[in-house]
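Structure first, then comments.
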There are 2 protein chains.
Amino acid sequence: MDQAVARTRSDPHAPVVAAKRPRGRPRKTADERDDGNRRVELVNAAAKLFRQKGFDATSTRDIAAAVGMHSGSPFYHFKSKGALLYAVMDEGMRSAIARQSAALQAAAVSAPSAFPAAALLRVLIRNHFDVLLGPGSDFIPVMLYESRSLTARQRALLARLQGDYEALWAPALNALSQDGQIKGPVKLARLLIFGALNWSVQWFDASKDASLDDLADAAMALFVQQPSPVRQSQA
Amino acid sequence: MDQAVARTRSDPHAPVVAAKRPRGRPRKTADERDDGNRRVELVNAAAKLFRQKGFDATSTRDIAAAVGMHSGSPFYHFKSKGALLYAVMDEGMRSAIARQSAALQAAAVSAPSAFPAAALLRVLIRNHFDVLLGPGSDFIPVMLYESRSLTARQRALLARLQGDYEALWAPALNALSQDGQIKGPVKLARLLIFGALNWSVQWFDASKDASLDDLADAAMALFVQQPSPVRQSQA
DNA sequence: CCTACCGATCGGTAGG
DNA sequence: CCTACCGATCGGTAGG
């Protein structure tokens, strides 16, 4: 495949062995090959398998096979199985943050006044379900359910991204809390709400009746109380 | 497998009966064989370790060491590591059901009229947090987060217990839904609420400020709307 | 329940 | 990225 194309590329550091193109390729060289693609393929395959079977139950051989490599080859791209796990989670978090940021920005730009806090929260929740349950959504579930296998440093790095993600929710949640539309301590409310959403990974069945929009509606109805018109004018 | 069940009840199919304590039963005087105790110790140790490190990352040697046995000995009591996992979950579910049933019964008997649906739900939620986060609460978290490692049959057996557990919640949830105190489709509301509660396993820190009562209060505030006095009299 | 042990698998590496 | 391989570990078993 494109592997063959890559092989034809001349490498300045290549040994002068001449001969033909045997199995022994030149060692890792200047990084200008299609390295990135194979790497991405590995991360995608790992995400899928980690989600399906769990980190511990997935062997590096499984991952290699999923992308058509042999057993030792993933270690050419990642120095350890744990590095692969981290890559999955890091990719998942960055993607989720980018997605939510874009959605919020679009809402704020298009019609700021038409987006009160409840509408913003609905956007966040709807996108969150998409990130969790939509097509190609293996990264965040892995992140949520396999973090036990991370090192302390990896966990700390990801905690920062998680903080960034949560920060996107703060304005909407705080506003709704102050309006009395979300009851109880905001901090606990946030944790409970995230739990309710994240748990959907365990039970949601795309082939069933409920759509992601239905889920978002149900969540909004459950967590956010309609503003009482009386009190609203009073404030 | 169902061997675990068979042991706890008297089951005509119990395969273990025929193979009575066979081989070199040594040292201790014949009275010392508190078979049941060692079994229970194993299940407890397994629950703790499965929760801490996960099922796959826990070796049967870890479990044996935790109760002072040697590596092969757990297999005298359980025919496989998977049977041990099932025993943990089965024990956890039966205990949780018994606990909730007793609490509900006590409430209904002591002062039925003082326990409207909201008060019942509060009891259920409070006990649920206790089962999840209280002292000795390793069984249900294992059940919630390690069910991927079960066989299909084990999963089916546990699903029945889970159904029994959920059934305890139905009266309260349905009543509140009909009263308009819980919004949205009941079925989705139930799943979201369970998720919110179950997720607490991931973040709750007993050494922190919030108590289990605080959690229960926060959950009630978030999910259950106060009945509007106006509408109440109208109905 | 211990002793002794086995086959399978796994993460990872050397070297081309 | 493949070939060939290794040390460690694991679930499980035979037999007393």
Side-chain angles (χ1 to χ4, degrees), chain A residues 1-9 11 13-29 31 33-39 41-42 45-46 49-50 53-85 149 151, chain B residues 1 3 16 19-30 32-39 41-42 45-46 49-50 53-85 149 151:
Chain A
M1 325 193 73
D2 41 22
Q3 182 182 352
V5 179
R7 288 189 183 226
T8 64
R9 209 171 300 177
D11 185 330
H13 292 78
V16 211
V17 230
K20 16 183 164 175
R21 207 169 323 112
R23 314 228 116 225
R25 289 246 65 227
R27 229 53 188 311
K28 154 170 214 157
T29 67
D31 43 15
R33 42 184 78 177
D34 54 345
D35 226 17
N37 272 337
R38 298 302 272 160
R39 214 188 117 94
E41 286 175 47
L42 278 170
L49 287 164
F50 287 161
K53 326 202 307 177
F55 176 73
D56 287 312
T58 300
S59 71
T60 55
R61 283 163 171 83
D62 291 336
I63 299 168
V67 300
M69 286 181 186
H70 286 234
S71 67
S73 301
F75 297 97
Y76 173 75
H77 297 278
F78 293 89
K79 75 176 234 277
S80 71
K81 189 187 174 188
L84 208 28
L85 177 65
S149 299
T151 68
Chain B
M1 296 233 176
Q3 178 183 355
V16 205
K20 43 184 304 182
R21 258 171 287 290
R23 333 216 186 225
R25 262 242 330 123
R27 5 215 134 73
K28 316 269 170 123
T29 54
E32 282 267 337
R33 67 178 106 118
D34 39 2
D35 220 14
N37 273 337
R38 298 302 272 161
R39 212 188 120 94
E41 286 174 47
L42 277 171
L49 287 163
F50 287 160
K53 326 202 309 178
F55 175 74
D56 288 312
T58 300
S59 71
T60 55
R61 283 163 172 84
D62 292 336
I63 298 168
V67 300
M69 285 182 186
H70 286 234
S71 67
S73 300
F75 296 97
Y76 173 75
H77 298 276
F78 293 89
K79 76 177 236 272
S80 72
K81 188 187 175 188
L84 209 26
L85 176 65
S149 298
T151 68

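Predicted model, so just to flag it, every value in this text is computed and none were measured.
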Taking every non-hydrogen atom, the tightest pair across B:P74 and B:T60: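 Looks like CG-O, 4.0 Å.
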
Assigned partner base of D:dG15, Watson-Crick or wobble definition, under 3.5 Å: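 Paired with D:dG15, as far as the under-3.5 Å criterion goes, is C:dC2.
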
Any-strand Watson-Crick or G-U partner of C:dT9, both distances under 3.5 Å: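 Check on C:dT9: paired to D:dA8, both distances under 3.5 Å.
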
Sugar-phosphate only, base, or nothing, as touched by A:S73 at under 4.0 Å among non-hydrogen atoms: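 Answer is base: heavy atoms of A:S73 come under 4.0 Å of a base.
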
Sugar-phosphate only, base, or nothing, as touched by B:G68 at under 4.0 Å among non-hydrogen atoms: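 Touches sugar-phosphate only.
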
For the pair made of [atom1] in [X] and [atom2] in [N], what is the distance, rounded to whole Å?
| X | N | atom1 | atom2 | result |
| --- | --- | --- | --- | --- |
| A:F75 | D:dC5 | CZ | C1' | 14 Å |
| A:Y76 | D:dC2 | OH | C1' | 12 Å |
| A:H77 | D:dC2 | NE2 | C1' | 12 Å |
| B:L42 | D:dG11 | CG | P | 14 Å |
| B:K81 | D:dC10 | NZ | C1' | 8 Å |
| A:R61 | D:dA4 | CZ | P | 14 Å |
| B:D56 | C:dC10 | CG | C1' | 13 Å |
| B:D62 | D:dA8 | CG | P | 18 Å |

Min side-chain heavy-atom separation B:E41-B:M69 under 4.5 Å: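 Answer no - side chains too far apart.
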
5′-ward residue of the pair A:H70/B:S71 relative to DNA chain D: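 By nearest-heavy-atom nucleotide position, the 5'-most residue is A:H70.
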
Nearest-nucleotide comparison on DNA chain C, the residue closer to the 5′ end among B:G72 and A:S59: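 Looking at the nearest nucleotide for each, B:G72 comes out on the 5' side.
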
Spatial distance of atom [atom1] ([X]) from atom [atom2] ([Y]) [nearest 0.5 Å]:
| X | Y | atom1 | atom2 | answer |
| --- | --- | --- | --- | --- |
| B:R38 | B:L42 | CZ | CG | 7.0 Å |
| A:L84 | A:S80 | CG | OG | 8.0 Å |
| A:F55 | B:D56 | CZ | CG | 11.0 Å |

Short side-chain N/O contact from B:T60 to OP1 or OP2 of D:dG11, under 4.0 Å: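 Affirmative; the distance criterion is met.
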
